[in-house]
Amino acid sequence: MCGIGTEEKKAVSLIGKFAALRRRVLATEVFHWYNKEELSGFFVDCLQLIWRYNMELRNLKTFQVVADQLNLSKAAEILSYTQPTISVQIQALERELGHPLFNRVGKKTFLTPTGKLVKHHTDIILNALSDLETALKTLDEPYGKLAIAAPEYYYGRHLSLLISSFIKDHPKVKLDLACYNSKETIKLVSSHQADIGIIAGKYNSPEMESINLDTEEVMMVTTQEISQQYDLSTVFTHYPLITYRESCNLEDVIKGCLSELQYQPTNIIESGSDEAIKHSAINQTSIALLSSDGIKEELATGKLVPIHRFQHRVETSLIYLKSRSEEANIQSFSDLLKQAWKPLED
């Protein structure tokens, strides 16, 4: 959900609360406190319509259901009203508008031309007010959809363990999880297609909040057998180097690491998968340059051994738009990540 301005938020809050209580909403009440030009076009149109006809939202809702059903009995059942109550509300609305809304021919009910026009605009107003109520709830407490984008690596090692805890604490939030590389994740968050992103590396932008979740060592690894046969001065004449491709958002780290080496690899293979890089080294297809977190088990068991440890480090970052930092969904999930990400590794 896109962020909304402070004044607009206040106006929406007023409308939403009154709509929920089925109380009268008058444009004059809102315009008394807020500059008309600060409200979006929809709010102005909606408020002007309610102000002009002095309508009650309850009557509009009743009209909407009757217009959908064209049957008072069915409408009464849906609204849990008596038929006389519905008739009184429709008559009040017709008096306010100065036009009949329904024609009754025998036992059948039809919308008049005015009724069709009012029905069209009533649908727009009430559906939008319902959307606004939902949007407001996301500002007050975790509620609705939360879209998360991240490379598959983070889902397997971190997010899958945190998601169950988040769902338990916030059952009203529906998570939408998507696997993308770090560069694609940045684009999705920037374009509001994802609410939160987890990326490898840093991302510096005046519009984006970027929070460090972890910092890992970067190393060059191979098998015990190859490490005993060759040193750094000769290993690259026999094996290529495999490391992260540009879409992983680690090009600056990789360039920095390679600048530390006195001996440059003649052949470099790029991959977007930590697993592919790791297994290429295990299978003695290439020498691997990757972060230490993904190969802890292989280092402990001796499947892989480091032949060089770099001064450069790989960061894991949480990103979201600064303009959306006050949204409850984003706040609650980001707080969980900041508190629980590193303890998962201990």
Side-chain angles (χ1 to χ4, degrees), residues 1-4 9 12-13 16-17 19-21 129-182 184-203 208-216 248-249 273-275 291-297 314-346:
M1 185 195 73
C2 300
I4 58 178
K9 189 189 303 180
V12 176
S13 177
K17 289 177 181 178
L21 295 172
L129 286 174
S130 176
D131 290 343
L132 291 174
E133 275 194 87
T134 300
L136 282 169
K137 289 178 181 177
T138 68
L139 298 176
D140 298 330
E141 62 176 343
Y143 179 92
K145 181 180 174 182
L146 178 66
I148 302 168
E152 187 174 1
Y153 170 81
Y154 293 124
Y155 284 109
R157 299 190 65 86
H158 296 276
L159 288 173
S160 60
L161 301 174
L162 296 173
I163 286 169
S164 60
S165 174
F166 183 80
I167 292 174
K168 182 179 178 181
D169 292 338
H170 306 289
K172 293 182 180 180
V173 177
K174 180 181 179 181
L175 294 179
D176 182 358
L177 311 177
C179 293
Y180 291 94
N181 63 48
S182 293
E184 290 171 333
T185 294
I186 293 169
K187 291 179 181 178
L188 290 172
V189 175
S190 299
S191 62
H192 295 264
Q193 296 179 67
D195 303 309
I196 280 180
I198 311 297
I199 62 170
K202 300 178 181 179
Y203 183 65
M208 194 78 74
E209 192 74 51
S210 181
I211 300 169
N212 175 268
L213 295 175
D214 195 13
T215 302
E216 303 171 34
C248 295
N249 197 45
S273 167
D274 285 79
E275 289 296 308
S291 64
S292 59
D293 187 53
I295 54 172
K296 285 182 178 180
E297 182 179 340
V314 170
E315 291 190 17
T316 298
S317 300
L318 159 68
I319 61 170
Y320 53 83
L321 289 170
K322 291 179 179 179
S323 61
R324 304 183 61 189
S325 61
E326 293 185 3
E327 293 181 21
N329 285 357
I330 291 177
Q331 281 186 346
S332 57
F333 196 80
S334 62
D335 286 346
L336 174 63
L337 293 182
K338 288 183 284 187
Q339 293 168 9
W341 191 275
K342 289 185 179 180
L344 288 174
E345 301 176 344
D346 298 337

Show the numbers, then the answer: is there a side chain to side chain contact (heavy atoms under 4.5 Å, CB included) between I148 and D176? CA-CA 6 Å; I148 302 168; D176 182 358; over 6 Å; no
Candidate pair S273 and E275, rule side chain to side chain donor-acceptor pair (under 3.5 Å), full reasoning: CA-CA 5 Å; S273 167; E275 289 296 308; over 6 Å; no
Side chain to side chain contact (heavy atoms under 4.5 Å, CB included) for D293 and Y153? Distances and angles first, verdict last. CA-CA 11 Å; D293 187 53; Y153 170 81; 3.0 Å; yes
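Taking Y154 as the reference, W341 meet the ring-ring contact (aromatic ring centres under 6.0 Å, His included) condition, with sequence neighbours excluded. The side chain to side chain contact (heavy atoms under 4.5 Å, CB included) check on I167 picks up I163, L175, with sequence neighbours excluded. For E184, the side chain to side chain contact (heavy atoms under 4.5 Å, CB included) criterion is met by Y180, N181, not counting sequence neighbours.
Atoms CD1 and CD, on I319 and E209 in that order, are 11.0 Å from each other to the nearest 0.5 Å. In this structure, the separation between OG on S334 and CG on N329 is 10.5 Å, given to the nearest 0.5 Å.
Taking each heavy atom of I198 and L159 in turn, the nearest pair found is CG1-CD1, 4.2 Å. Heavy-atom minimum distance, I330 versus R324: CD1-O, 3.7 Å. When every heavy atom of T215 is checked against every heavy atom of E315, the shortest pair comes out as OG1-CG, 4.0 Å. Taking every heavy atom of both residues into account, M208 and K322 meet most closely at O-CE, 3.2 Å.
Looking only at side-chain heavy atoms (C-beta outward), Y203 and V189 stay at 4.5 Å or farther from each other.
Side-chain atoms of S182 come within 3.5 Å of backbone N or O of A200 as a donor-acceptor pair. Distance alone, capped at 3.5 Å, is enough to place a donor-acceptor pair between the N249 side chain and the K202 backbone.
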